[in-house]
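The structure under discussion appears below in the form of structure tokens.
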Amino acid sequence: QVQLVESGGGLVQPGGSLRLSCAASGSIFSINAMGWFRQAPGKQRELVAAITSGGSTNYADSVKGRFTISRDNAKNTVYLQMNSLKPEDTAVYYCAAGRSIGSGSYSWYYWGQGTQVTVSS
């Protein structure tokens with residue numbers, strides 16, 4: 001089992017920035033990818049960004065150039081730096097852990113509890 005603990009959500013004005021953190025613990029040898037998903041009210045959960053243990057990243061088109069995913073392997077922690085936030089970025093953000101299966105595809109096995117991000121003036 002892998003436990004994921006998220007932090008860093010909150011309320012921010014449009015154009016502002018937030019950084020989310022996700023600390024992993026437990027059987028982390030079983031995973032080689034971590035990612036961030038989000039789910040807005042009435043919408044499906046979508047992948048925002050993912051990163052492998054080797055450092056390969058993928059981003060949703062809607063966040064490219066604004067969001068950056070990174071990881072600190074020594075701390076088993078993944079970060080999502082979110083800049084130039086827009087109201088449409090408002091959602092519950094979930095950390096996920098799993099394995100890369102190649103070609104930008106992943107299997108996600110573990111989920112965090114979610115953290116609310118609200119972008120509003």
Side-chain angles (χ1 to χ4, degrees):
Q1 289 289 326
V2 174
Q3 293 77 43
L4 303 173
V5 178
E6 301 137 333
S7 60
L11 172 64
V12 64
Q13 292 186 341
S17 298
L18 279 176
R19 190 177 81 155
L20 305 182
S21 300
C22 175
S25 61
S27 302
I28 57 176
F29 58 86
S30 66
I31 61 172
N32 69 356
M34 294 184 71
W36 289 96
F37 285 73
R38 67 185 180 187
Q39 187 167 20
K43 294 188 176 181
Q44 289 188 330
R45 188 175 297 189
E46 63 172 348
L47 177 65
V48 174
I51 186 167
T52 67
S53 55
S56 296
T57 58
N58 278 304
Y59 294 93
D61 288 343
S62 59
V63 306
K64 284 180 180 176
R66 300 189 297 123
F67 291 10
T68 302
I69 190 170
S70 61
R71 64 188 295 163
D72 184 333
N73 289 331
K75 296 182 179 180
N76 298 318
T77 299
V78 65
Y79 304 97
L80 185 68
Q81 178 67 44
M82 304 185 292
N83 298 329
S84 301
L85 282 161
K86 305 175 181 179
E88 51 263 44
D89 294 317
T90 295
V92 177
Y93 284 70
Y94 296 91
C95 179
R99 295 196 64 81
S100 170
I101 56 176
S103 302
S105 297
Y106 310 88
S107 291
W108 302 106
Y109 302 127
Y110 305 102
W111 297 87
Q113 78 283 2
T115 185
Q116 178 70 45
V117 171
T118 302
V119 184
S120 175
S121 55

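- Here the OG atom belonging to Ser25 is positioned 8.5 Å from the CG atom belonging to Asn76, to the nearest 0.5 angstrom.
- The nearest pair of heavy atoms linking Pro14 to Ser120 is CD-C, 3.6 Å.
- For Thr90 (side chain) and Val119 (main-chain N/O), a donor-acceptor pair under 3.5 Å exists by modelled atom type.
- Ile51 and Phe67 fall within the same hydrophobic cluster, where Ile, Leu, Val, Met, Phe, Trp and Tyr residues are linked whenever their side-chain heavy atoms come under 4.5 Å apart, directly or through other members.
- Inter-residue side-chain proximity for Trp36 and Cys95 is flagged as met; some heavy-atom pair is nearer than 4.5 Å.
- Contact between Met82 and Val117 at its shortest, heavy atoms only, is CE-CG2, 3.9 Å.
- Thr68 approaches Tyr59 most closely through the heavy-atom pair CA-OH, 3.4 Å.
- Residue Val48 is grouped with residue Ile69 when hydrophobic side chains (ILVMFWY) are merged at heavy-atom distances under 4.5 angstrom, including chains of intermediate members.
- In this structure a side-chain-to-backbone donor-acceptor pair under 3.5 Å is present from Arg71 to Thr52.
- A distance-only check finds no donor-acceptor pair linking the side chain of Glu6 to the backbone of Cys22 [under 3.5 Å].
- Side-chain atoms of Ser103 never come within 3.5 Å of backbone atoms of Ser105 as a donor-acceptor pair (strictly under, hydrogens ignored).
- Residue Ser100 comes nearest to Ala33 through the heavy atom pair N-CB, 3.9 Å, listed as atom of the first residue, atom of the second, then distance.
- There is no path of hydrophobic side-chain contacts, each under 4.5 Å, that joins Trp111 to Met34.
- Looking only at side-chain heavy atoms (C-beta outward), Thr115 and Ser7 stay at 4.5 Å or farther from each other.
- Under a 3.5 Å cut-off, the side chain of Arg19 and the backbone N or O of Gly8 do not form any donor-acceptor pair.
- By the 30° and 60° cut-offs, the orientation of the rings of Phe37 relative to Trp108 is perpendicular.
- Contact between Leu4 and Ala24 at its shortest, heavy atoms only, is CD2-CB, 3.7 Å.
- No more than 12 heavy-atom neighbours from other residues, nucleotides or ligands sit within 6.0 angstrom of CD on Gln1.
- Between Arg38 and Val63 the shortest side-chain heavy-atom distance falls below 4.5 Å.
- Gly114 approaches Tyr94 most closely through the heavy-atom pair CA-CD2, 3.5 Å.
- By the side-chain hydrogen bond (donor to acceptor under 3.5 Å, both in side chains) test, Tyr106 pairs with Asn58, sequence neighbours left out.
- Between atom CG of residue Asp89 and atom OG1 of residue Thr118 there is a gap of 11.0 Å, rounded to the nearest 0.5 Å.
- Under a hydrophobic clustering in which Ile, Leu, Val, Met, Phe, Trp and Tyr are joined whenever their side-chain heavy atoms come within less than 4.5 Å, directly or via other members, Leu20 and Val92 fall into different clusters.
- Every residue meeting the side-chain hydrogen bond (donor to acceptor under 3.5 Å, both in side chains) condition with Lys64, not counting sequence neighbours, appears here in chain and number order: Asp61.
- Note on Val78: it clusters hydrophobically with Tyr109, by side-chain heavy-atom contacts below 4.5 Å among ILVMFWY residues.
- By the ring pair (Phe, Tyr, Trp, His ring centres under 6.0 Å) test, Tyr79 is found to be paired with no residue, residues two or more places apart in sequence or in another chain being considered.
- Counted within 6.0 Å of CD on Gln44, heavy atoms from surrounding residues, nucleotides or ligands total 12 or fewer; the atom is thus considered open.
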